[in-house]
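In what follows, a structure is listed as structure tokens, so that the remarks can point back to it.
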Amino acid sequence: MKFMKLGSKPDSFQTDGNNVRYVATDLATDIIVNVGDSKFYLHKFPLLSKSARLQKLVANTNESNTGEIYISDIPGGPAAFEICAKFCYGMTVTLNAYNVVVSRCAAEYLGMHESIEKGNLIYKIDVFLSSSIFRSWKDSIIVLQTTKSLLPISEELKLVSHCIDSIATKACMDVSKVDWSYTYNRKKIQEENGNAPNWNGVRNRPVPKDWWVEELCELEIDLYKRVLANIKSKGVLSGEVIGEGLKAYAYRRLPVSAKHRSAVDAIVWLLPEEKGSVSCSFLHKMLKAAIFVDSGDTAKGELVRRIGQQLEEASVNDLLIPAAEGEPSVYDVTVVQKIVEEFLRQGRSPEIESLDEGDKLQEVRRPGILSDASKLMVAKLIDGYLAEISKDPCLPLSKFVDLAEMVKGFSRPSHDGLYRAIDMYLKEHPGISKSERKKICKLMDCKKLSADACVHAVQNERLPLRVVVQVLFFEQVRAAASSGSSTPDLPKGMKDLNSGSHGSSISATTNTEEDWDAVASAEELKALKGELASLRLSSGVGLCDRNGDGKGSVDKAAVSKMRGLLKSKKKIFAKLWSSKGVQGENSGSDSSESLGSGNPEEAKSTPSRNRRHSVS
């Protein structure tokens with residue numbers, strides 16, 4: 001730490017009681033200076049020779065013959081006044097980063113300018129600040145922290161702005177010129193363990209670009225915001241480096257900050273414009289914090305916009321944002337819908353690209369494009385999110401359907417994830433109506449279910465009969481195509497089912513609309529269970545290939561069995577298509593566990609529901 005010594009005489013200030021200070025000398029004191037609760041018994045001559053304010057106060061005192069003057073509002077109080085008084089006596093005074101600002105403010109209050117005496121205290125302090133303090137990284141931070149308790153005079157004297165500019169300038173320096181000490185504990189450096197490729201026993205590690213991050217975390221949010229804004233305005237550091245600084249500050253300060261809302265708002269305001277400057281996970285944490293502290297719509301809207309721009313990087317856990325207090329639902333699905341809308345907007349909004357052509361910089365507007373890879377990642381993300389929020393018994397069907405339909409147009413090779421989400425919703429909401437069950441199942445394309453999902457679906461008593469039949473038929477078509485045999489003709493009932501037509505022209509043996517929307521009865525599925533269960537490998541492994549190739553291919557033997565099974569089920573198809581519906585009450589347990597779930601709780605029986613009994 002830098003310091004400066006002023007004066008050469010020994011310190012002869014002494015204390016008489018708690019609040020009385022005097023100078024030990026043979027000369028009698030001739031003035032009493034009251035500073036707050038403290039009394040200073042001093043001599044006029046050394047004080048008046050350097051302080052314009054004391055000259056004026058003493059002049060007024062001489063007229064009243066009281067011999068006492070009162071100073072109640074000097075910055076820094078009695079301690080700061082004592083430093084100035086010692087300087088007037090020529091006694092030794094040591095200035096450092098902790099007391100230099102308060103001394104400067106007190107000297108300004110007392111009017112200790114060059115016009116009163118050359119080489120006065122203000123001049124000496126200013127030289128010390130410019131030549132030492134502002135050239136030191138750590139001292140500049142300490143000094144900046146001390147300015148907060150001395151506002152507004154520290155601001156008026158430009159001490160705050162000088163500190164901020166000094167810190168920002170150093171943070172933006174080329175790392176090759178950083179030759180001062182700094183604190184950096186954020187990453188484990190290879191050299192510290194002797195693991196660096198070129199390590200020869202001498203530590204010569206390079207200075208990281210974000211070397212300044214740790215120590216700025218010590219600043220209060222108001223000062224931190226001004227420092228970071230100054231750093232950004234210089235345009236030297238990349239958005240990623242600034243993003244690292246914001247991330248470190250948020251993790252360090254938000255849990256202990258007394259100004260949670262202002263801290264969150266400031267960090268959001270400071271976020272770099274560059275996409276990807278901070279991770280999507282960090283943005284989600286900030287959004288959760290903003291909702292928790294009830295930040296304004298501007299801050300929350302900005303976070304939603306930024307998350308939407310890089311939604312493909314998010315995880316399901318990121319999207320699980322708790323609902324506001326008092327809401328019946330567990331999670332805030334509305335904000336996730338807004339995020340997805342922002343993601344979709346990228347495909348509609350034109351992008352602006354800057355092209356450097358010689359000495360001219362031109363902006364070219366191109367149509368907004370979302371890559372197929374990004375769409376696929378977001379579709380899978382939403383499928384997983386829907387599966388999680390489906391466990392909430394208070395989740396309205398409309399929320400589920402609306403969110404699923406937002407990504408319905410994203411082409412994806414498999415609908416297994418969406419099927420799992422739908423099945424989870426049906427399991428946790430057994431009381432929904434037939435029309436609601438039909439509505440949620442229409443989100444899924446049965447042709448895009450894997451063999452494993454098909455095996456699960458045809459045993460699933462939570463699905464409407466139409467879905468079970470569709471799965472069986474499309475699996476038969478797929479099996480026929482794989483074997484090279486002719487594709488079976490689509491039965492008229494199936495054609496009507498797929499086209500949504502269930503008019504009176506359908507054969508009398510065809511199930512009614514109400515029958516198709518009802519869940520498949522236990523009797524109708526029982527015939528399939530035994531042989532479908534045989535598709536499970538004896539080792540307990542499912543249909544997915546476990547040979548270690550990582551491709552998740554379907555076991556050939558299992559597929560072959562499925563083909564044979566489907567070919568042998570013509571009578572069952574006929575029964576399913578021709579059975580007439582009879583309404584009745586029949587309680588039964590779920591036919592299978594939820595797809596992909598290893599939780600035995602998934603297999604609990606469901607409440608009683610309407611079943612359709614087949615009639616021979």
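Start at 1 with the first residue, then count along the sequence.
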Residue pair S166, K170: steps toward the side chain to side chain donor-acceptor pair (under 3.5 Å) verdict: CA-CA 6 Å; S166 171; K170 289 177 177 60; 3.0 Å; yes
Intermediate values then yes/no, side chain to side chain contact (heavy atoms under 4.5 Å, CB included), I142 and S136: CA-CA 10 Å; I142 293 171; S136 168; over 6 Å; no
Stepwise side chain to side chain contact (heavy atoms under 4.5 Å, CB included) test for K300 and D294: CA-CA 9 Å; K300 288 186 285 191; D294 196 23; 4.2 Å; yes
Chi angles and distances behind the side chain to side chain donor-acceptor pair (under 3.5 Å) call for H43, Y89: CA-CA 9 Å; H43 304 85; Y89 277 92; 2.9 Å; yes
Test salt bridge (charged side-chain N to carboxylate O under 4.0 Å, His left out) applied to R306 and E274, step by step: CA-CA 10 Å; R306 288 174 178 271; E274 297 92 329; over 6 Å; no
Verdict with reasoning, E220 to R253, per salt bridge (charged side-chain N to carboxylate O under 4.0 Å, His left out): CA-CA 9 Å; E220 292 293 334; R253 300 292 298 191; 3.3 Å; yes
D165 and R226: CA distance, side-chain angles, deciding distance, salt bridge (charged side-chain N to carboxylate O under 4.0 Å, His left out) verdict: CA-CA 10 Å; D165 191 61; R226 293 179 63 179; over 6 Å; no
CA sep, side-chain torsions, deciding dist, call: S176, D174, side chain to side chain donor-acceptor pair (under 3.5 Å): CA-CA 5 Å; S176 63; D174 190 317; 2.9 Å; yes
Steps toward side chain to side chain contact (heavy atoms under 4.5 Å, CB included) verdict (K124, F87): CA-CA 11 Å; K124 291 185 179 294; F87 175 79; 3.8 Å; yes
Side chain to side chain donor-acceptor pair (under 3.5 Å) between S295 and R261, intermediate numbers included: CA-CA 6 Å; S295 289; R261 177 169 176 173; 4.9 Å; no
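Atom-to-atom distance recorded for S233:OG and I231:CD1 is 9.0 Å, nearest 0.5 angstrom. One distance of note links OG of S72 with CG of N34; it measures 10.5 Å at 0.5 Å rounding. Atoms CD1 and CG, on I242 and L228 in that order, are 7.0 Å from each other to the nearest 0.5 Å. Once rounded to the nearest 0.5 Å, the distance linking CG of L271 with CH2 of W269 reads 11.0 Å. Here C280 contributes atom SG and I339 contributes atom CD1; the two are 7.5 Å apart, rounded to the nearest 0.5 Å. Between atom CG of residue L254 and atom NE2 of residue H260 there is a gap of 7.0 Å, rounded to the nearest 0.5 Å.
When side chains are defined from C-beta on, L219 does not count as touching K225, because their heavy atoms never get closer than 4.5 Å. With a 4.5 Å cut-off on side-chain heavy atoms, E108 and H113 count as touching. At a threshold of 4.5 Å between non-hydrogen side-chain atoms, the residues Y70 and V35 do not count as touching. Counting only heavy atoms from C-beta outward, the side chains of F134 and D139 never approach each other to under 4.5 Å. Annotation: side chain of L121 is not in contact with side chain of V93 (no heavy-atom distance under 4.5 Å). Residues Q337 and D402 have side chains in contact (heavy-atom distance under 4.5 Å, counting atoms from C-beta outward). Counting heavy atoms from C-beta outward, V278 and K247 have side chains that stay 4.5 Å or more apart. Residues R104 and V100 have side chains not in contact (no heavy-atom distance under 4.5 Å, counting atoms from C-beta outward).
Within the structure, side chain to side chain donor-acceptor pair (under 3.5 Å) contacts touching residues 90-100 (residues at least two apart or in different chains) do not occur.
Contact check on E68 versus K39 returns a salt bridge, with a Lys/Arg side-chain nitrogen under 4.0 Å from an Asp/Glu carboxylate oxygen. Taking the charged nitrogens against the carboxylate oxygens, E240 and K275 have no contact shorter than 4.0 Å, which rules out a salt bridge. No salt bridge links D332 with K399; every basic N to acidic carboxylate O contact stays at or beyond 4.0 Å. Salt-bridge annotation for K138 and E215: present, with a side-chain N of the basic residue lying under 4.0 Å from a carboxylate O of the acidic one. Checked for salt-bridge contact, E82 and K86 meet the test: a charged N lies under 4.0 Å from a carboxylate O. By the 4.0 Å N-to-carboxylate-O rule, K285 lies too far from D318 to be salt-bridged with it. Using a cutoff of 4.0 Å between basic side-chain nitrogens and carboxylate oxygens, E244 and K209 are not scored as salt-bridged. Of the charged side-chain nitrogens involved, none lies within less than 4.0 Å of a carboxylate oxygen, so that R305 and E341 do not count as a salt-bridged pair. In this structure, E214 pairs ionically with R252, as a charged nitrogen and a carboxylate oxygen lie closer than 4.0 Å.
Here the side chain of T147 pairs a donor or acceptor atom with the backbone of L144 at under 3.5 angstrom. Distance alone, capped at 3.5 Å, is enough to place a donor-acceptor pair between the D30 side chain and the K44 backbone. Between the side chain of Q55 and the backbone N or O of L48 there is at least one donor-acceptor pair closer than 3.5 Å.
Aromatic ring centroids of F81 and F40 lie under 6.0 Å apart. You'll find the ring centres of Y224 and Y249 inside the 6.0 Å limit.
Residue F13 qualifies as enclosed at atom CZ: its count of foreign heavy atoms under 6.0 Å is above 12.
The cationic group of R53 lies under 6.0 Å from the six-membered ring centre of Y109 and within 45° of the ring axis, placing it in a cation-pi geometry.
For the side chain to side chain contact (heavy atoms under 4.5 Å, CB included) criterion with V23, the lone passing option out of L42, T29, D11 is L42.
Judged as a salt bridge (Lys or Arg N to Asp or Glu O under 4.0 Å), and not counting sequence neighbours, the contacts of D383 are R412. For K259, the salt bridge (Lys or Arg N to Asp or Glu O under 4.0 Å) partners at least two apart in sequence or on another chain are D222.
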